[in-house]
Amino acid sequence: MAVFSRCSTAATAAAKPTAAAAATFSYLIRALSPSFSSSSSTLDPETDLNRNKPAALGVLKREPKGRNVQWVFLGCPGVGKGTYASRLSNLLGVPHIATGDLVRDELASSGSLSSQLKEIVNQGKLVSDEIIIDLLSKRLEMGEAKGESGFILDGFPRTVRQAEILEGVTDIDLVINLKLREEALLAKCLGRRICSECGGNYNVASIDIKADNGRPGMYMAPLPPPPQCASKLITRPDDTEEVVKQRLRIYQAMTRPVEDFYRSRGKLLEFDLPGGIPESWSKLLRALNLEDHDDKQSAAA
Ligand SMILES: Nc1ncnc2c1ncn2[C@@H]1O[C@H](COP(=O)(O)OP(=O)(O)O)[C@@H](O)[C@H]1O
């Protein structure tokens with residue numbers, strides 16, 4: 001999915017970082033770094049880069065501002081944030097940064113944080129804002145050193161405080177709020193499988209919700225692994241029924257208010273997933289005013 005084009009003069013998504021982008025990134029890294037006070041009240045409004053807030057979703061109609069997109073994905077566990085964020089990241093040439101992956105990388109390491117994090121994550125609880133911001137700062141710093149610019153954040157911000165900190169240091173262009181019928185969320189999490197070698201995400205769940213009381217039915221086919229991954233699949237330790245239900249409760253309590261935070265700033269794009277990837281991807285692209293040449297070609301083949 002290397003080739004992409006935008007149908008409008010939306011926020012630019014050129015793969016090459018610009019000087020403005022690099023400056024924004026450096027600022028973001030410095031501001032998010034651990035030496036940065038944990039209190040959002042220390043943000044300096046004079047140096048806040050968030051000066052030209054777009055009105056409502058006019059963000060997609062704006063002239064390019066000389067840097068790559070800075071988007072956020074919101075949505076309940078199991079909704080498919082990682083899947084769609086990763087596809088958009090390939091299409092737009094910006095990094096997909098999932099804080100859940102950063103946490104899992106830390107867990108897999110023998111670092112001192114690892115055992116502390118394990119207990120929190122395996123109980124479905126949120127890691128502290130300070131730890132997450134530290135992990136995110138390091139990831140951004142590493143990306144900047146490689147010349148990355150722009151991002152699609154997945155799993156951050158997850159609390160209003162995280163959203164305030166992010167708002168204090170950079171301008172988020174758009175927040176895509178993915179929504180899926182509740183009946184499907186638990187099944188999607190329980191069916192999730194990851195290839196322990198390549199990290200690919202697959203799903204063994206076959207979701208078939210019958211039409212009921214005027215509500216249409218919904219079918220989501222499994223997403224099987226390719227043969228080379230089939231024998232290497234693992235399940236995330238926090239994808240058990242009890243822990244997923246806890247994560248869903250925590251989403252309602254801690255992350256639902258983040259939707260309101262961005263809604264009130266006119267940045268939230270609500271997107272109801274109509275089904276699995278075949279039904280949803282092209283609709284999502286249309287909602288974002290994007291086009292995927294490769295997808296069109298494979299559909300036409
Ligand atoms: N922004 C964040 N703030 C706090 N904890 C986080 C954050 N992102 C990830 N985590 C931790 O990592 C776990 C896995 O995150 P993720 O893969 O995004 O899960 P989900 O499938 O629930 O969206 C979370 O349950 C939480 O413990």
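The chain is numbered in sequence order, starting from 1. Side chains are part of it too, since the values below use all heavy atoms of this structure and drop only hydrogens, waters and symmetry mates. None of these values were measured; they are calculated from a predicted model. One-based numbering, in listed order, for ligands and for the atoms of each.
Lys81 NZ, 3.0 Å is the protein heavy atom nearest to atom 23 (O) of ligand 1. Here the protein heavy atom with the shortest distance to atom 3 (N) of ligand 1 is Gln162 NE2, 3.0 Å. Shortest contact from atom 8 (N) of ligand 1 to any protein heavy atom: Thr99 OG1, 2.9 Å. Looking from atom 13 (C) of ligand 1 to the surrounding protein, the closest heavy atom is Val121 CG1, 4.2 Å.
Between Asp101 and ligand 1, no N or O atom pair is found at a separation short of 3.5 Å. Backbone and side-chain nitrogen or oxygen atoms of Val127 are examined, and one is located within less than 3.5 angstrom of a nitrogen or oxygen of ligand 1. The shortest N/O to N/O separation between Arg247 and ligand 1 falls below 3.5 Å. For ligand 1, the polar-atom distance check finds an N/O of Gly155 within less than 3.5 Å of one of the ligand's N/O atoms. Taking any N or O of Asp238, backbone or side chain, none lies under 3.5 Å from an N or O belonging to ligand 1.
Comparing Arg104, Lys125, Arg158 against atom 27 (O) of ligand 1, the shortest heavy-atom distance belongs to Lys125.
Ligand-side atoms of ligand 1 in range of Leu126: 4 (C), 5 (N), range being under 4.0 angstrom from any heavy atom.
Both the sub-6.0 Å distance and the 45° axial angle are satisfied by Arg265 relative to the ring of Phe261.
A donor-acceptor pair is defined here as one N or O able to donate and one able to accept, closer than 3.5 Å; such a pair exists between the side chain of Gln70 and the backbone of Asp171.
No salt bridge links Asp212 with Lys210; every basic N to acidic carboxylate O contact stays at or beyond 4.0 Å. Asp272 and Lys283 are not joined by a salt bridge, as no carboxylate oxygen comes within less than 4.0 angstrom of a charged side-chain nitrogen. Between Arg104 and Asp101, at least one side-chain nitrogen of the basic residue sits less than 4.0 Å from a carboxylate oxygen of the acidic one, meeting the salt-bridge criterion.
Considering Thr255, Leu126, Asp239 in turn, Asp239 is the only one that fulfils the side-chain contact (heavy atoms from CB on, under 4.5 Å) rule with Arg247.
One distance of note links CE of Met218 with CD1 of Ile207; it measures 8.5 Å at 0.5 Å rounding.
Only the side chain of Arg192 comes within contact range of ligand 1, with a heavy atom under 4.0 Å; no backbone atom does. The proximity of Ile132 to ligand 1, defined as any non-hydrogen pair under 4.0 Å, is limited to the side chain. Proximity of Arg236 to ligand 1, defined as any heavy-atom pair under 4.0 Å, is confined to the side chain (atoms from C-beta onward).
Between Arg256 and Cys76 the shortest heavy-atom distance is NH2-SG, 3.9 Å.
Surrounding CD of Glu197 are at most 12 heavy atoms belonging to other residues, nucleotides or ligands under 6.0 Å away.
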